[in-house]
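Here's the structure we're looking at; comments come further down.
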Amino acid sequence: VQPEFIHEGNKWCCLIPGDAPNIKSAKFPTIKAIDGTKEEGEFGYDQSSEAQEMMKAEGQFDLAYFTHISIPFSSSSSMKGAYICLWDFTSPPSHLIITLTSSKGEKTSKKYEFPEFRGDRWYFLPVDLPDVVLCEITGKGRWRESFEIHSLVFISRDETPEEITSREAREKLWSEAPIVKSEFVKEGWRDSIPIPRDDPKLVDPSFSMVKCKDDSVSKESEYYDQSSDAQKMLKGEDDVDLSHLSIPFPSPSPMKGAYICVNKNDSSPSLLFTFTDCDGKKTFKKYEFTRPEYYLEWDFLPIDLDNVVLCEIEGKGRWRWEQKNSRYFYIYSLVFTMPEETIAAERLSLLPWKYLTPVSVPSSSSKTPTSTLSLPSKPVKEAVKEEEEEEEIVIKGNDKFCVGGSVSAFAKRWCADGKYVSVDDTADDSEPSDSDSDSDSSSSSGSGSESADVDTAVPDFDAMTLNPVKVCSLCVGMIECLDDVFTAKPKLVHRDVKPDNFLVRVDPDSKKCTVVLADLGFVQIQDSVSSSRSS
């Protein structure tokens, strides 16, 4: 049978991941392999452990030679074929004879002949048998009696249409994702980060939730889950070899960029970053690197995104041995940064501090007067109302200013399937009841009912999707609003905190949701000296 050439590349360049569902894994501990050119009992005769590493693609540079390999499967399996990686530098087989035994004891033998080649190559060996329990391999090397195999991967079935669609979609994404050039910062090891790790501009992920895998090996391999190494990498304590990295952030974070430490040999010439915001919107950025002149160097990756809650990273290719088809890459260190204006400053800018006027109030007789804030003579609620009337903006459930309405109304506008349902404005400012919400939901889904008060300029948010990330983002926003009010100087006591008094702003373009605290009619100022309250 003529083997099919796939592409150049070593054992890390297998066409499909090691954890793909159509891969058939042998029961590795029972593999038997020998080098018949040596005497039994002589060192190097029993090559079973090396064959196990070969099947898991875990072997490094220790060479193993075989004259016979016996690979039993834990159960009967269909077999479409096998991917095999060979290297011309050692002793690649000039031919292999693969004998497959069925559960009924029937044997089928196939002979594969390989042409001379240079470098590393992947071939596909067609088999197409429905029932296989044992695979035995014999052959002859090109330069010696024994032969060497770098990696062997059995395929139990063809790709499903869904798997083909998913693979083609990833390939299309890699080709169409916008390219962003990385910026060289300096030469240096991972502990020479360009920015101190205690700098407030850093954005640290929740390390305990980081997920990292190396799918060059099967899920059963101890090397598959690289999460603990990824956590160390993000702390600057270790490097990591991976195929996919998932980094969640504990709260929506503005992201200016990231510093990354890359290696001259093991790092990839390109990385694909997928950023997800609190609304579930994904942004793709493909960063390309020039091979470092130094062994290790730091580069800066521009990002400039808001409300990032998840970052996923994939790689393609390695500089070592020009592994253009490898999906596996090294990261020596990765540090995210936020803009100069922090999240706290952004939240403070959303609160109505313009209605508070600075005055000098002596905090005690023994201290000098300090600059603080006090409420103006006119109640805040009236001042807000007057300004909004001047700007013709009314804070209701669906308008230009807070199209999300209150948090309680915002939550009522989601159908059981998780899709947002627009609610028409009502004549008054009251929150819709459950029955109102049900009727509004039905009208928005095509019942034909219309309201004369609907503002046609309001964007339609039916496409928004409710997800746990959005819910957490709203809760975090509510907590931060309370924190900003309670830590104000002087301390403010709202006295009417409830879901109806938290409003949701939705940006018409980005659909970013922001929570603000309203209805300050019952606010009191807490005097830190006398513990008294004033309206």
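Note that this is a predicted model, so its numbers are computed, not measured. By convention here, the first residue in the shown sequence is residue 1. Every heavy atom of this structure was used, including side-chain atoms; hydrogens, water molecules and symmetry mates were not.
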Please, which pairs that meet ring pair (Phe, Tyr, Trp, His ring centres under 6.0 Å) have at least one residue in residues 233-277, sequence neighbours excluded?
F249-F336, Y259-F300, F273-F275, F273-Y287
Sequence neighbours excluded and cut-off under 3.5 Å, please list the side-chain donor-acceptor pairs for residues 183-191, or say none.
from: K186; atom 1: NZ; to: S192; atom 2: O; distance (Å): 2.8
from: R190; atom 1: NH1; to: D239; atom 2: OD2; distance (Å): 3.1

Going by side-chain hydrogen bond (donor to acceptor under 3.5 Å, both in side chains), name the residues that satisfy it together with T67, two or more places apart in sequence or in a different chain.
none
Going by the rule salt bridge (Lys or Arg N to Asp or Glu O under 4.0 Å), which residues pair with D241 if we only count those two or more places apart in sequence or in a different chain?
R318
Side chain to side chain contact (heavy atoms under 4.5 Å, CB included) with I313: of I260, T274, L245, L272, only one passes, and it is L245
Taking only residues two or more places apart in sequence or in another chain, which ones pass side-chain hydrogen bond (donor to acceptor under 3.5 Å, both in side chains) with T101?
K107
Please enumerate all residues that pass side-chain hydrogen bond (donor to acceptor under 3.5 Å, both in side chains) together with S182, with sequence neighbours excluded.
D299
side-chain hydrogen bond (donor to acceptor under 3.5 Å, both in side chains) contacts touching residues 21-38 (sequence neighbours left out)
D35-T37
Tell me, please, which residues at least two apart from E159 pass salt bridge (Lys or Arg N to Asp or Glu O under 4.0 Å).
R167
Taking ring pair (Phe, Tyr, Trp, His ring centres under 6.0 Å) as the definition, give me every residue that meets it alongside F329, ordered by chain and number, with sequence neighbours left out.
none
Please identify each residue that fulfils ring pair (Phe, Tyr, Trp, His ring centres under 6.0 Å) with F289, with sequence neighbours left out.
none
Residues which pass salt bridge (Lys or Arg N to Asp or Glu O under 4.0 Å) with D158, listed by chain and number, not counting sequence neighbours
K80
Ring pair (Phe, Tyr, Trp, His ring centres under 6.0 Å) involving Y112 - partner list, sequence neighbours excluded
none
